[in-house]
Amino acid sequence: MPNINPPLSIDDSDPELLRKLATIKLFCFLAVACIGVVTLICWYFPLLGKFVPGGWRLMTAETALGLLLSAFSLEFSEKRHSIRIKRLNLLLAVLTALLGAVILGEYAFHISAGLEHVFPFDPNSTSPWPDRPSPQTASGLLLLGITIAMIRVRARIAVHIADFFTICLALLVLVLASGEIFGAMRIFALSEVTRTSPQTLLCFVLLTFVAFCRRAEKGIFSIFLGRGIGSRIARILGPVILLLPILREFTRQHVIRSQIFPEHYATAILASITAAMSFVFLMFLVWYIRSMEAEIHDLSLRDELTGLYNLRGFNILAEQARRLAQRSKAPFSVLFIDLDELKQINDVHGHGAGSATLSEIAELIQATFRETDVIGRIGGDEFAVAGQFSDDAVSVAVQRLRAASAERNSSVGHRVALSFSVGQVTSIVTEHESLEALIAKADQSMYEEKRRKKSHLG
């Protein structure tokens, strides 16, 4: 018998990749926490802040607080934490979103009040709120809070909504990052004073990456964590497709002129849109490859003639059923069914009749046993059934199968009579026999019945 080592489905996340991502996510959390704590120290303890570079004050205290709330919320959303901690995760995410919404609301209020000088276009002008987060930072906090709040949703519609906000967050961070690369600072018509600081941008990049990885455990982004060919393609081509347009635009000396935004941010927006469109194409391509791969994977477990599991499929699923029975302390039985005189049927009536006979007995077996039982064609004329049966229950099932076969043989229109031999074995709760051993015992029991038939005929 072949060695039985049930593989994971291609839809399952790669365990090795998850372990690596866990380390990376921990590093991201620690980095954001350190940046946030140092920034708060600089703002609220000026004497201690003198010992750190002056650039740390580019991140405002509100931004540092919002990013710390987001970081701890993401950390508390991990599966290993208790229900109480996960509720705290939701609270922190809501506070992050509210902080971003309040800051955006203040900017909106000043615009509606006609205070256009709040958004100066002159890079040499001074903002009336030098210590307030910029609107793009507030937008990032709002999207980050919403994304984290919905990171553990399972309902289908909620999953799509969560994926949508994750995409919006990633697109915003991509625009801001590419804008920094191009030296642009005024997509929101802001001055140098209210630009997104490098520390803030770094924290957004790290937290967005962690949020994306958490959302990839479910939803449309799960293709990036899979074990199959499509997932590997996505992990390789994804960063390339996202960065290539930005790098291309970075090298261009002449950019498209825009009267709405400064030319650098016009370039950044076009590059980000191009990257997003390329990313959408990638996801469509990967989903298509993955569906084909899943279909091929399923075909590799099925017998083409009967539609039952083949030897490989039977071994995989029967082993899983055996382990489940062992954990639930339930009896587990294996039947070995051999179609009698298949060679003679092929010789006398042709291989078409032999194939039809195999299909008929497969249908009888399927009709006799439960949907939860594992049924397979494991050889040319050999079938096997595995499931949670007591010895008496499996004997009753064999009687039903023989009765169905007899009824079929007595009906008109069948040239070939169905005849088969059955061997059965039941593993009791106290025993821990392997599937390979059980199949071997059932096989031996079947051959004993076959010998008894031949001796009786003789």
Side-chain angles (χ1 to χ4, degrees), residues 1-9 295-326 331-346 351-389 391 393-395 397-398 400-402 404-405 408 416 418-427 431 433-451 453:
M1 294 291 175
N3 292 328
I4 300 168
N5 185 20
L8 294 172
S9 168
E295 184 177 352
I296 294 172
H297 182 267
D298 185 65
L299 289 175
S300 69
L301 301 180
R302 293 282 183 178
D303 173 57
E304 184 177 1
L305 176 63
T306 62
L308 303 178
Y309 291 112
N310 56 21
L311 176 61
R312 179 172 180 266
F314 178 83
N315 284 336
I316 291 173
L317 298 176
E319 175 63 11
Q320 292 175 351
R322 185 194 68 82
R323 292 178 182 178
L324 180 61
Q326 185 175 321
F332 181 78
S333 296
V334 174
L335 284 83
F336 202 105
I337 304 170
D338 183 86
L339 181 62
D340 295 333
E341 307 298 336
L342 177 61
K343 184 179 183 303
Q344 183 177 351
I345 295 173
N346 288 331
H351 289 278
S355 298
T357 304
L358 288 169
S359 298
E360 285 188 76
I361 191 172
E363 292 175 1
L364 287 180
I365 295 173
Q366 283 184 300
T368 300
F369 293 91
R370 302 166 299 189
E371 291 183 357
T372 54
D373 300 326
V374 182
I375 306 172
R377 181 190 176 198
I378 60 175
D381 56 356
E382 298 169 337
F383 299 83
V385 182
Q388 294 186 17
F389 295 96
D391 191 60
V394 75
S395 298
V398 171
R400 289 202 306 268
L401 180 61
R402 295 189 187 280
S405 175
R408 178 264 182 198
V416 179
L418 282 180
S419 176
F420 52 85
S421 302
V422 180
Q424 65 188 67
V425 62
T426 300
S427 176
E431 296 178 347
E433 295 179 277
S434 66
L435 177 62
E436 185 177 3
L438 291 172
I439 292 176
K441 285 185 177 180
D443 186 20
Q444 183 62 33
S445 176
M446 182 274 298
Y447 275 108
E448 290 176 1
E449 178 178 327
K450 192 176 286 286
R451 282 196 296 268
K453 284 184 178 180

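Worth saying up front: this structure is predicted, and the values here are computed from it rather than measured. Quick note: residue numbers are just sequence positions, from 1.
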Looking at every heavy atom in both [X] and [Y], which two are closest together, and how far apart are they?
X: Leu358; Y: Thr306; value: O-CG2, 4.0 Å
X: Val425; Y: Leu438; value: CG1-O, 3.2 Å
X: Gly376; Y: Phe314; value: N-CD1, 3.8 Å
X: Ile375; Y: Phe369; value: CD1-CB, 4.1 Å
X: Val374; Y: Ala318; value: CG1-N, 4.0 Å
X: Ala386; Y: Phe332; value: CB-CZ, 3.7 Å

Test side chain to side chain contact (heavy atoms under 4.5 Å, CB included), reference Phe420, set Leu342, Asp381, Ile361, output is Ile361
Could you pull out all residues at least two apart from [X] that satisfy side-chain contact (heavy atoms from CB on, under 4.5 Å)?
X: Glu341; result: Gln344
X: Arg400; result: Thr368, Val396, Ala397
X: Ser359; result: Leu305
X: Ala404; result: Leu364

[X]: partners by side-chain hydrogen bond (donor to acceptor under 3.5 Å, both in side chains), with sequence neighbours left out:
X: Ser395; value: Gln424
X: Gln388; value: none
X: Asp338; value: Lys450
X: Ser445; value: none

Here the side chain to side chain donor-acceptor pair (under 3.5 Å) pairs for residues 369-380, sequence neighbours left out, are Asp303-Arg377, Arg370-Asp373
Is there side-chain contact between Leu308 and Phe383, with at least one heavy-atom pair below 4.5 Å? yes
Considering only heavy atoms from C-beta outward, does the side chain of Val394 approach that of Thr426 to under 4.5 Å? yes
Determine whether a donor-acceptor pair (N or O, by modelled atom type, separation under 3.5 Å) exists between the side chain of Ser333 and the backbone of Phe389. yes
Counting N and O atoms only, with roles assigned by atom type, does the side chain of Ser405 sit under 3.5 Å from a partner on the main chain of Leu401, one being a donor and the other an acceptor? no
How far apart are the C-alpha atoms of Phe336 and Ile378, what are their side-chain angles, what is the distance that settles it, and do they pass the side chain to side chain contact (heavy atoms under 4.5 Å, CB included) test? CA-CA 9 Å; Phe336 202 105; Ile378 60 175; 3.5 Å; yes
Nearest-0.5 Å distance that lies between atom CZ in Arg302 and atom CD in Glu304: 13.0 Å
When rounded to the nearest 0.5 Å, the distance separating CD of Gln320 from CG of Asn315 is 11.5 Å
Step by step, would you call Ile439 with Glu436 a side chain to side chain contact (heavy atoms under 4.5 Å, CB included)? CA-CA 5 Å; Ile439 292 176; Glu436 185 177 3; over 6 Å; no
Does a side chain donor of either Asp340 or Ser421 reach within less than 3.5 Å of an acceptor in the other side chain? yes
Tell me, with the steps shown, if Val422 and Arg402 meet side chain to side chain contact (heavy atoms under 4.5 Å, CB included). CA-CA 10 Å; Val422 180; Arg402 295 189 187 280; 3.9 Å; yes
Under 4.0 Å between a side-chain nitrogen and a carboxylate oxygen: does that hold for Glu433 and Arg322? no
Could you go through Ser419 and Lys453, starting from their C-alpha distance and side-chain angles, then the distance that decides it, and tell me whether this counts as side chain to side chain contact (heavy atoms under 4.5 Å, CB included)? CA-CA 11 Å; Ser419 176; Lys453 284 184 178 180; 4.0 Å; yes
